[in-house]
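Order of the sequence lines fixes the chain letters, A, B, ..., with proteins taken first and strands second; residue numbering starts at 1 for each chain.
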Protein chains: 2
Amino acid sequence: MGAVLPAPREEPTVSVKHALLSLLEQEPMYGYQLRQEFESRTGGTWPLNVGQVYTTLTRLERDGLVEAAGEDEDGHERWRLTESGHEEVATWFTTPVARTQPPRDELAIKLALAVTVPGVDVGTLIQRQRSASMTALQDYTRLKRQAGAETSPARADLAWGLVLDSLVFAAEAEIRWLDHCETRLRRAAVQDAGTTTAARSAPTSEMAPASASVDRRKGARR
Amino acid sequence: MGAVLPAPREEPTVSVKHALLSLLEQEPMYGYQLRQEFESRTGGTWPLNVGQVYTTLTRLERDGLVEAAGEDEDGHERWRLTESGHEEVATWFTTPVARTQPPRDELAIKLALAVTVPGVDVGTLIQRQRSASMTALQDYTRLKRQAGAETSPARADLAWGLVLDSLVFAAEAEIRWLDHCETRLRRAAVQDAGTTTAARSAPTSEMAPASASVDRRKGARR
DNA sequence: TCGCAGTGCCTACCCGGTATGTACCGACCG
DNA sequence: CGGTCGGTACATACCGGGTAGGCACTGCGA
């Protein structure tokens with residue numbers, strides 16, 4: 001095996017690394033402060049272990065993206081971006097996240113295996129998951145109401161609100177997908193049982209409502 | 001800043017472990033075969049490195065969930081589930097995936113930081129991401145058409161179709177969320193510029209269409 | 001005064017994930 | 001017929017993400 005193109009080296013979805021870098025873009029900070037800033041902006045949705053902040057910082061220093069910036073008045077070792085660190089942040093914000101290699105979706109994997117492995121009650125699996133996702137969705141909307149009730153529309157609260165919305169949208173999509181799977185499986189079961197010639201009846205028109213909702217907003221192109 | 005999501009220390013989303021276990025539920029297999037079965041069921045959406053299969057298998061053996069089942073006629077070391085392995089699979093399929101600790105969403109993190117860190121052009125960021133997600137969505141639908149053209153609706157193809165649908169639904173939700181963020185940010189900017197008393201005008205009514213879409217499906221049953 | 005909660009930092013450890021190396025075998029090919 | 005290419009099959013080294021847990025200091029209330 002000769003000359004296999006020197007490995008494009010796809011980075012494995014390092015979100016924390018870039019998050020810390022972009023926080024340092026604002027101003028030099030020390031480790032614990034970085035964790036607090038991250039959590040305040042994301043509303044504690046993805047709790048960040050402090051230890052990881054320090055290990056990530058040392059790795060970033062090793063890679064020449066951050067450097068020590070002396071201590072502040074309280075003796076905290078602060079970090080600042082290097083020149084290449086600034087560039088890294090700029091490219092991160094200008095290039096979209098690649099969907100070529102989507103992260104493992106446990107629910108999708110579970111359902112794919114459930115329908116292929118014999119002896120699994122897929123129907124109740126879907127129902128159980130649906131109600132779980134539904135309660136999660138209700139939790140999110142309740143949190144949203146609480147957050148909306150607060151008076152100060154600071155920038156951090158705006159970000160936290162957007163994050164919450166992303167959770168809501170994802171949960172809604174999950175529920176829609178579960179319903180979609182249910183009808184699809186029911187149809188497949190029927191087609192399995194009655195081996196009649198009833199096929200060819202409008203194949204794959206199940207996605208219509210969601211797709212229409214997307215297209216409506218965008219001036220109807222595609 | 002009150003109102004934080006509760007964090008009840010869940011296991012770190014080990015999808016591969018349970019995937020291998022549920023494949024072994026069907027019949028004893030050897031390492032390479034497990035990888036092939038997994039990829040055929042998920043259509044190569046999440047390529048599974050062979051090495052991880054072996055390391056995971058040794059860990060599962062250490063934890064008493066699988067055990068060696070001798071060699072097949074070709075000399076392949078096969079693995080079978082133990083009693084607790086069967087139980088593990090059963091509980092995995094009966095308990096829904098917990099959304100209490102959702103996996104890190106790089107796009108949400110990026111946008112949350114983009115709106116809080118000064119000097120980031122959030123508008124073009126959203127636009128770029130939108131078109132990227134849009135092309136990904138088109139790729140998925142194209143793949144769907146190809147998969148739909150094939151004649152044999154085997155169980156593995158059914159699973160692969162469902163996985164593809166989940167990608168489609170997720171991409172659509174992402175696009176809707178981006179549009180949502182855009183209008184929300186525009187409104188916030190307007191409210192920032194004109195510090196008039198124009199507030200209190202129907203707060204948080206942006207989610208209506210998506211929520212309605214979910215509820216509509218739900219009205220018919222359940 | 002003790003405890004205790006919060007702030008702040010560090011290290012050991014595990015696990016997921018990838019790259020890489022090895023070996024065997026059949027097919028294709030000059 | 002020898003070569004080599006690609007697929008099958010397994011094993012291991014390595015790294016980065018992520019967590020647990022320990023240490024130290026400070027302020028505050030019982």
Side-chain angles (χ1 to χ4, degrees), chain A residues 1-21 29-40 44-63 65 68 71-79 101-106 109, chain B residues 1 4 7-21 28-40 42 44-63 65 68 71-79 101-106 109:
Chain A
M1 174 157 330
V4 193
L5 286 180
R9 192 69 180 159
E10 202 78 25
E11 34 188 317
T13 58
V14 276
S15 40
V16 176
K17 164 184 163 186
H18 289 107
L20 298 189
L21 286 177
M29 298 181 186
Y30 54 92
Y32 200 85
Q33 189 182 4
L34 280 168
R35 180 215 187 194
Q36 287 180 141
E37 291 292 329
F38 179 84
E39 297 219 344
S40 84
T45 307
W46 301 288
L48 180 57
N49 191 293
V50 197
Q52 192 177 353
V53 175
Y54 300 111
T55 55
T56 307
L57 279 175
T58 60
R59 258 176 254 136
L60 290 174
E61 187 185 25
R62 179 202 59 188
D63 298 342
L65 299 177
E71 307 183 345
D72 66 355
E73 59 278 4
D74 293 328
H76 299 139
E77 185 68 20
R78 286 195 301 180
W79 299 86
Q101 199 54 58
R104 297 260 162 83
D105 183 349
E106 177 162 10
I109 292 175
Chain B
M1 163 110 19
V4 180
R9 65 171 65 246
E10 204 69 25
E11 38 185 314
T13 61
V14 276
S15 41
V16 176
K17 164 185 161 187
H18 290 107
L20 297 190
L21 286 178
M29 299 183 185
Y30 55 91
Y32 200 86
Q33 188 182 4
L34 281 167
R35 180 216 186 194
Q36 287 180 142
E37 291 292 329
F38 179 85
E39 297 219 344
S40 85
T42 56
T45 309
W46 303 286
L48 181 57
N49 191 292
V50 196
Q52 191 176 354
V53 175
Y54 300 111
T55 56
T56 307
L57 278 175
T58 60
R59 259 177 252 137
L60 289 174
E61 187 185 26
R62 179 202 58 188
D63 299 343
L65 298 176
E71 307 184 345
D72 66 354
E73 60 279 3
D74 294 329
H76 299 138
E77 185 68 21
R78 285 195 301 180
W79 299 87
Q101 200 54 59
R104 297 259 162 85
D105 181 351
E106 176 161 12
I109 291 175

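Residues I109(B) and F38(A) have side chains in contact (heavy-atom distance under 4.5 Å, counting atoms from C-beta outward). Here the side chains of Y30(B) and E77(B) are not in contact, with every heavy-atom distance at 4.5 Å or above. For the pair E37(A)/L20(A), no side-chain contact is recorded, criterion being any heavy-atom separation below 4.5 Å from C-beta on. Within the 4.5 Å cutoff, the side chain of Y54(A) has heavy atoms near those of the V50(A) side chain. Two residues are said to be in side-chain contact when any heavy atoms from C-beta on lie closer than 4.5 Å; T45(B) and E39(B) fail this criterion. Counting heavy atoms from C-beta outward, W79(B) and E61(B) have side chains that approach closer than 4.5 Å. No side-chain heavy atom of R35(A) sits less than 4.5 Å from a side-chain heavy atom of N49(A).
The CE-C1' distance, from M29(A) to dC9(C), rounds to 18 Å in whole Å. Look at CG on L34(B): it is 13 Å from C1' on dC10(D), rounded to the nearest Å. Protein atom CD of Q52(A) is 14 Å distant from nucleotide atom C1' of dC15(D), rounded to whole Å. Rounded to whole Å, atom P of dG17(C) lies 13 Å from atom CD of E39(B). Taking atom OH on Y30(A) and atom C1' on dC9(C), their separation rounds to 12 Å, with Å as the unit. Whole-Å rounding puts the Y54(A) OH to dC10(C) C1' distance at 8 Å. Going from atom NZ of K17(B) over to atom P of dC15(C) covers 9 Å, rounded to whole Å. Rounded to whole Å, the distance from CG on L20(A) to P on dG18(D) is 11 Å.
For Y32(A), counting side-chain heavy atoms from C-beta on, the closest listed nucleotide (dT8(D), dG17(C), dC9(C)) is dC9(C). With dG8(C), dC10(D), dG17(C) as the candidates, the nucleotide lying closest to the side chain of H76(A) is dG8(C).
Both R104(B) and E77(B) sit near DNA chain D, but only E77(B) has its closest nucleotide nearer the 5' end. Mapping N49(B) and D63(B) onto DNA chain C by nearest heavy atom places D63(B) at the nucleotide closer to the 5' end. Heavy-atom nearest nucleotides on DNA chain D were determined for V50(B) and for L48(A), and the one closer to the 5' end corresponds to V50(B).
Contact check, R35(A) against dT7(C): no side-chain N or O comes under 4.0 Å of OP1 or OP2.
Within the nucleic acid shown, R62(B) comes within 4.0 Å of sugar-phosphate atoms alone, with no base atom in reach, counting heavy atoms only. In this structure, G31(B) reaches the sugar-phosphate backbone alone: every heavy-atom distance under 4.0 Å involves primed, P, OP1 or OP2 atoms, never a base.
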Please list each protein N or O that sits under 3.5 Å from an N or O in nucleotides 22-27 of chain D, with the distance.
none

